[in-house]
Amino acid sequence: MTSPETNTNPPLSGEDRLRLRRRRIRGVWIVALSVGFLGGIAFGLADGGDLPLSPAPFWSLLALVAGGVVAVNIWFIRRVDELEVMDNLWASFVGVIAHILIAACWVAAAARGYAPAPDVLAVLMATVVVTFLAYIGLKLRRRLG
């Protein structure tokens with residue numbers, strides 16, 4: 001007879017734990033991509049469509065998207081393991097440093113007339129690319145040894 005305090009489930013093997021980890025991370029990616037896709041469609045319709053949008057609904061939509069991004073990130077941090085969190089934190093750190101360097105260098109070059117005025121979208125996209133490359137590099141380094 002077993003007592004309720006004893007664990008009757010057999011311990012998971014390493015392969016089962018890895019499979020569970022991949023399933024959790026895949027779920028987080030699907031939710032994050034879905035939220036990003038739906039947010040992009042919403043802002044595309046609100047900004048460039050025929051739908052006239054006054055400032056109040058626009059800022060409400062912006063607050064809703066920002067709240068969704070924060071909620072997905074909190075859900076992500078709680079759902080994945082410490083290795084995934086560590087990889088994301090390092091990639092984010094590299095992205096922030098790249099953003100500071102790109103923006104500061106571009107502003108300095110523009111102030112001296114060596115470059116056009118900084119383009120916010122170009123700086124943002126460069127930051128995203130650097131962050132993504134850092135994340136992929138961390139994953140490859142961990143996978144390849």
Side-chain angles (χ1 to χ4, degrees), residues 5 7-145:
E5 288 83 24
N7 186 3
T8 57
N9 295 331
L12 293 175
S13 70
E15 291 174 353
D16 290 336
R17 283 195 309 265
L18 181 62
R19 192 175 304 114
L20 215 72
R21 177 180 185 266
R22 285 183 178 160
R23 188 178 306 142
R24 282 193 312 262
I25 292 171
R26 190 176 310 123
V28 168
W29 275 94
I30 290 170
V31 168
L33 289 174
S34 300
V35 168
F37 179 73
L38 293 175
I41 288 175
F43 273 107
L45 290 175
D47 190 38
D50 295 334
L51 178 67
L53 196 61
S54 64
F58 175 78
W59 287 110
S60 298
L61 181 62
L62 188 63
L64 185 65
V65 169
V69 167
V70 169
V72 166
N73 279 298
I74 289 171
W75 181 66
F76 172 80
I77 294 294
R78 289 183 173 196
R79 190 157 169 88
V80 299
D81 63 1
E82 63 275 358
L83 291 176
E84 187 67 30
V85 172
M86 187 175 64
D87 287 346
N88 276 277
L89 289 174
W90 275 111
S92 298
F93 176 71
V94 169
V96 166
I97 296 301
H99 184 82
I100 291 168
L101 290 174
I102 293 168
C105 292
W106 198 340
V107 166
R112 287 164 181 75
Y114 300 141
D119 181 9
V120 175
L121 189 57
V123 172
L124 176 65
M125 293 310 296
T127 302
V128 169
V129 167
V130 168
T131 305
F132 181 72
L133 290 175
Y135 179 78
I136 294 299
L138 288 167
K139 288 298 181 187
L140 286 175
R141 187 182 81 188
R142 191 177 310 285
R143 200 166 285 246
L144 299 177

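Residues: numbered from 1 along the sequence shown. Because the structure is a prediction, the values reported are computed rather than measured.
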Just jot down the side-chain contact (heavy atoms from CB on, under 4.5 Å) partners of Ala126, sequence neighbours excluded, or say none.
-> Ile102
Identify the two heavy atoms, one from Ala110 and one from Ala117, that lie closest to each other, and give their separation to 0.1 Å.
-> CB-CA, 4.2 Å
Any side chain to side chain donor-acceptor pair (under 3.5 Å) involving residues 94-117? Give me the pairs, sequence neighbours left out, ordered by first then second residue.
-> His99-Thr127
Can you name the closest pair of heavy atoms from Ala91 and Ala134 and give their distance?
-> CA-CB, 4.1 Å
Flag yes if more than 12 heavy atoms outside Met125 fall under 6.0 Å of its CE atom; otherwise flag no.
-> no
Looking only at heavy atoms, the pair that brings Gly95 and Thr131 closest together is CA-OG1, 3.0 Å
Gap separating the CG atom of Leu83 from the CG atom of Leu138, nearest 0.5 angstrom = 11.0 Å
Just wondering, are more than 12 heavy atoms of other shown residues or ligands nearer than 6.0 Å to CH2 in Trp75?
-> yes
Listed once per pair and sorted, the side chain to side chain donor-acceptor pair (under 3.5 Å) pairs that draw on residues 133-145, sequence neighbours left out = Glu84-Tyr135, Glu84-Lys139, Asp87-Lys139, Asp87-Arg142
